Amino acid sequence: MPQKHDIITLKKRRSFLAVAATGKKWVAPGLILQLGPVRPDSTPPENPVCHYGLTASGKVGNAVVRNRARRRLRALAQELLALHADPSHDYVLIARNTTATRAHEALRLDFITALKKLKVWRESPP
RNA sequence: CCAGAUGGCCGGAUGACCGCUGUAUUGUCCACAAAGACAGUAGGGAGGAAAGUCCGGGCUCCAGGAGAAACGGUGCCGGAUAACGUCCGGCGGGGGCGACCCUAGGGAAAGUGCCACAGAGAAAAUACCGCCCCUCCGGCGACGGAAGGGUAAGGGUGAAAAGGUGCGGUAAGAGCGCACCGCGUCGCUGGCAACAGCGACGGCAUGGCAAACCCCACCCGGAGCAAGACCGCAUAGGAACCGCACGCGCCGCUGUGCCCUUACGGGCAAACGGGCGCACCGUCACUCCACGGGACGGUUCGGGUUGGUCGCGCGAGGCGUCUGGUAACAGGCGUCCCAGAUGAAUGGUCAUCCGUCGCCGCAAGGCGACGACAAAACCCGGCUUACAGGCCGUCUGGCACU
RNA sequence: GUCCCCUUCGUCUAGAGGCCUAGGACAUUACCCUUUCACGGUAGUAACACGGGUUCGAAUCCCGUAGGGGACG
């Protein structure tokens, strides 16, 4: 059966720092993916919840560009994280200068490559 | 048609699939209700600047009330407005052939201050070069020199040189006289006023700077939704520093002390308690009033919580129309409900059209790229700044035609 | 979001209407000194964030813009 689990966003600065402290990341042309540690307080396996956060700093552009980059990353996260990611980790997506303008399919492949490189990709059953 | 001035408006459109977040409503769960969770339905979901945070107001809390002042702001006149530094109309000044545009524009005989350098002289001014008169000396003469006096025309300096131009006048000159212009005073007329016009008189007096101090008129308590209120959780009853009235006078009270008395009661005292007044302290700094005060008050640090609900969208609201007003705007009537997030929603992808650019093509067209500035955070009125492209109107000058 | 503050050589700063064509220190360049380096000496390069306005005259006064920094319950 397809493992589609719920996803919620990180809300505390402490959580973002915990993810960044592991040093595990993959830099793609359109985004940066950071991988957090395995959470000890594991949710019940029959109802896994995947945590992720979004970051778009002032280097990316003005408020309009930052919001657009963040929304594109959120759309990809809801499509891919829910199906293909290991829910025992936390994830942080960081926007880059090209995130707002990169073609959607290329940005999607960037994300898939990052998940595979970090060895958290799970092939979804057909 | 060309060139220009000015006012207003728009800020890509449509569809499909998948999402986010409020509101209303229905259902299910929880014994009922409320709250909450989930699901369904309906309808909504960034801007003209949401920006900068430069002004003004609402709202909330703080300050006991009033007044005045300080600081600060505004500054031609009249009006609009909740208010404004905004807007509208007018006036003065400047620019433009014109439509029109710009303008912090009160007071310099209330006082203080500044005006560097240059220049003879910079504010009750001055005599450098000059010009003119008289006397003397030299020289045949033209002329030169010296002493005295007159002058403010000319030169020169400067941002600015004590009215300007012309004529007369004079030894040379000078508002010395006259005409016009400017300036000042007075009067009349028009205007609510700023101001304008006309007339008479004066005979030039009052240099500039107030975005220098200042004077005058008007405005102004402080902080800001991280305001503020509530619920929940949790910790602590802490440390340091600063300030600190407790005074004087009067009264003699069912207190107190001493004396008389068996007692009731009476007398005395004024240390303590009490009362009153003054002083003192606090209520942000001053004054007055009011209230409170007989001992703690204030600030900082340390420690805890980094959750939730309300505030929070019916409003100086939008649209249409009528009336008043030159206008800003005001009023009446009708109609509509139209964002509410909090690591922060208001979208992601695709297709077609639209616009711009590039390439190919004789053309029809095809292919590709791009889509201005910029995103609410309590709300509203302005200002300022950024902005691809487009639409509508009014007016001015020129050319052509009728 | 709200409320404040600051911009002067490469860096830190002085300046308060005219003496500013902007001074000083460190740094830097050239030369002198020294066998050489350092120290020292002489000389030079180098800045008023930007745009308007007031004034005869602006780094200074006023307005606006840009950039940077700080505070908060």
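Please read these numbers as outputs of a predicted model, since none were measured by experiment. First the proteins, then the strands, lettered A, B, ... as listed; each starts at 1.
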Asker: For B:rU349 and A:Arg72 - does any side-chain N or O of the residue sit under 4.0 Å from the phosphate oxygens OP1/OP2?
Answerer: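 Answer yes for this pair, as a side-chain N or O of A:Arg72 is under 4.0 Å from OP1 or OP2.
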
Asker: Please measure how far the P atom in C:rG18 lies from the corresponding atom in C:rA58, and state the result in whole Å.
Answerer: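 Comparing P positions in C:rG18 and C:rA58 gives a spacing of 12 Å.
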
Asker: Can you tell me the distance, in whole Å, between the NE2 atom of A:His104 and the C1' atom of B:rG347?
Answerer: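 From A:His104 NE2 to B:rG347 C1': 12 Å.
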
Asker: Which whole-number value in Å describes the distance from A:Asn67 CG to B:rA50 C1'?
Answerer: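 Checked: the CG to C1' distance equals 13 Å.
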
Asker: Have a look at C:rG64 and give me syn or anti from its glycosidic angle (syn if within 90° of zero).
Answerer: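 C:rG64: anti glycosidic orientation.
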
Asker: Can you check the distance between B:rG58 and B:rC84, where both ends of the measurement are the P atom (answer in whole Å)?
Answerer: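 So the two P atoms sit 11 Å from each other.
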
Asker: Roughly how many Å is it from CZ in A:Arg68 to C1' in B:rA345, rounded to a whole number?
Answerer: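 Atom CZ in A:Arg68 sits about 17 Å away from atom C1' in B:rA345.
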
Asker: When all nucleic acid strands are considered with a 4.0 Å heavy-atom cut-off, which category describes A:Leu10: base, sugar-phosphate, or nothing?
Answerer: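 Counting heavy atoms under 4.0 Å across all strands, the contact made by A:Leu10 is with sugar-phosphate only.
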
Asker: Using side-chain heavy atoms (C-beta onward) and a distance below 4.5 Å, is A:Leu35 in contact with A:Trp26?
Answerer: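 When only atoms from C-beta onward are counted, A:Trp26 and A:Leu35 do not touch, as no gap falls below 4.5 Å.
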
Asker: Would you mind reading off the distance between A:Glu105 atom CD and B:rA351 atom P, rounded to a whole angstrom?
Answerer: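 In whole Å, B:rA351 P lies 12 Å from A:Glu105 CD.
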
Asker: With a 3.5 angstrom cut-off on both distances, give the Watson-Crick or G-U wobble partner of B:rC291, or none if there isn't one.
Answerer: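 Paired with B:rG282.
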
Asker: Does B:rA344 have OP1 or OP2 under 4.0 Å away from a side-chain N or O of A:Thr9?
Answerer: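 Yes, because at least one side-chain N or O of A:Thr9 sits under 4.0 Å from OP1 or OP2 of B:rA344.
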
Asker: Running the 4.5 Å side-chain criterion over Ile, Leu, Val, Met, Phe, Trp and Tyr, what cluster does A:Leu10 land in, apart from itself?
Answerer: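 Result for A:Leu10 is A:Phe16, A:Val19, A:Val27, A:Ile32, A:Val92, A:Ile94.
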
Asker: B:rG343 P sits how many Å from A:Leu93 CG, rounded?
Answerer: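 These atoms are roughly 18 Å apart.
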
Asker: When you check the glycosidic angle of B:rC59, does it come out syn, meaning within 90° of 0, or anti?
Answerer: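 Anti, since the glycosidic angle lies more than 90° from 0.
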
Asker: Under 4.0 Å from OP1 or OP2 of B:rA374: is there any side-chain N or O of A:Arg66 that close?
Answerer: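 So the side-chain polar atoms of A:Arg66 never come under 4.0 Å of the phosphate oxygens OP1 or OP2 of B:rA374.
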
Asker: Within the 4.5 Å heavy-atom criterion, are A:His89 and A:His51 side-chain neighbours or not?
Answerer: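 A:His89 does not reach A:His51 side chain to side chain.
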
Asker: Given atom OH of A:Tyr91 and atom C1' of B:rG343, what is their separation to the nearest angstrom?
Answerer: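 It is 20 Å, rounded to the nearest whole Å.
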
Asker: If each of A:Arg71 and A:Arg74 is mapped to the nucleotide of RNA chain B with the nearest heavy atom, which maps nearer the 5' terminus, i.e. the 5' end?
Answerer: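 Here A:Arg74 is the residue nearer the 5' end.
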
Asker: Please report the distance separating the P of B:rG148 from the corresponding atom of B:rA174, rounded so that it comes out in whole Å.
Answerer: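 The same atom, P, in both gives a distance of 26 Å.
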
Asker: B:rG292: syn or anti, with syn meaning chi within 90° of zero?
Answerer: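 It is anti.
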
Asker: Taking B:rA37 as the reference, what is the distance to B:rU60 when you measure between their P atoms (whole Å, please)?
Answerer: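 31 Å, rounded to whole Å.
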
Asker: Looking at the angle O4'-C1'-N9-C4 for a purine or O4'-C1'-N1-C2 for a pyrimidine, is B:rG164 syn or anti, with syn meaning within 90° of 0?
Answerer: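 That one's anti.
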
Asker: For a quick check, tell me whether the side chain of A:Asn62 and the base of B:rA374 share a donor-acceptor pair closer than 3.5 Å.
Answerer: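 No, the side chain and the base share no sub-3.5 Å donor-acceptor pair.
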
Asker: Taking any strand in view, what nucleotide pairs with C:rA43 in a Watson-Crick or G-U wobble way, both distances under 3.5 Å?
Answerer: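 Pairing partner, where one exists within any strand: C:rU29.
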
Asker: Now, which nucleotide makes the Watson-Crick or G-U wobble pair with B:rC209, with each of the two distances under 3.5 Å?
Answerer: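 For B:rC209, the partner nucleotide comes out as B:rG113, under the 3.5 Å rule.
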
Asker: Could you tell me how far B:rC192 sits from B:rG78 if I compare only their P atoms? Round to whole Å.
Answerer: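 It works out to 13 Å between them.
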
Asker: Is A:Arg108 close enough to B:rU349 that one of its side-chain N or O atoms is under 4.0 Å from OP1 or OP2 there?
Answerer: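 Indeed not, no polar side-chain atom of A:Arg108 lies that close.
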
Asker: My understanding is that a pair needs two contacts under 3.5 Å, Watson-Crick or G-U wobble. By that rule, which nucleotide pairs with B:rA16?
Answerer: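 The answer is B:rU349, by the H-bond criterion.
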
Asker: Can you find a pair of side-chain heavy atoms, one from A:Leu81 and one from A:Tyr91, that are under 4.5 Å apart?
Answerer: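 A side-chain contact under 4.5 Å exists here.
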
Asker: Checking base pairs now: Watson-Crick or wobble, both atom distances under 3.5 Å. What partners B:rG175?
Answerer: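 The answer is none; no pair meets the criterion.
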
Asker: Watson-Crick or G-U wobble partner for C:rC20, using a 3.5 Å limit on both distances?
Answerer: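 No nucleotide pairs with C:rC20.
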
Asker: Same hydrophobic cluster for A:Leu109 and A:Leu33, using side-chain heavy-atom links shorter than 4.5 Å among ILVMFWY?
Answerer: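 No; A:Leu33 is not reachable from A:Leu109 via cluster members.
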
Asker: What integer number of Å spans the P atoms of B:rU402 and B:rA99?
Answerer: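 Rounded to whole Å, the distance is 31 Å.
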
Asker: I'd like the P distance from B:rA118 over to B:rU135, given in whole Å.
Answerer: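 Those two atoms are separated by 43 Å.
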
Asker: Do A:Leu80 and A:Arg108 make a side-chain contact, defined as non-hydrogen atoms from C-beta onward lying under 4.5 Å apart?
Answerer: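 Sidechains of A:Arg108 and A:Leu80: in contact.
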
Asker: Syn or anti: how is B:rA46 classified when any glycosidic angle within 90° of 0 counts as syn?
Answerer: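 Classified syn.
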
Asker: When the distance from NE2 of A:His51 to P of B:rG343 is rounded to whole Å, what number comes out?
Answerer: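 My rounded result for the distance is 15 Å.
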
Asker: Does the side chain of A:Leu73 reach to within under 4.5 Å of the side chain of A:Leu31, using non-hydrogen atoms?
Answerer: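 When only atoms from C-beta onward are counted, A:Leu31 and A:Leu73 do touch, with a gap below 4.5 Å.
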
Asker: For C:rU35, which nucleotide is its Watson-Crick or G-U wobble mate, given both distances must be under 3.5 Å?
Answerer: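 Base-paired to nothing in any strand shown.
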
Asker: On RNA chain B, nearest-nucleotide positions of A:Thr101 versus A:Phe16: which is more 5'?
Answerer: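 Nearer the 5' end of the strand: A:Phe16.
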
Asker: Between A:Ile94 (CD1) and B:rG343 (C1'), how many Å, whole number?
Answerer: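 After rounding, the gap between these two atoms is 14 Å.
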
Asker: Under a 3.5 Å cut-off for both distances, is B:rC391 Watson-Crick or wobble paired, and to whom?
Answerer: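 B:rG8 - that is the nucleotide pairing with B:rC391, both distances being under 3.5 Å.
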
Asker: Can you tell me, in whole Å, how much space there is between the P of B:rA376 and that of B:rG397?
Answerer: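 My reading of the P atoms in B:rA376 and B:rG397 gives 49 Å.
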
Asker: Among residues at least two apart in sequence or on other chains, which ones pass salt bridge (charged side-chain N to carboxylate O under 4.0 Å, His left out) with A:Arg102?
Answerer: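 Here the qualifying residues are A:Asp110.
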
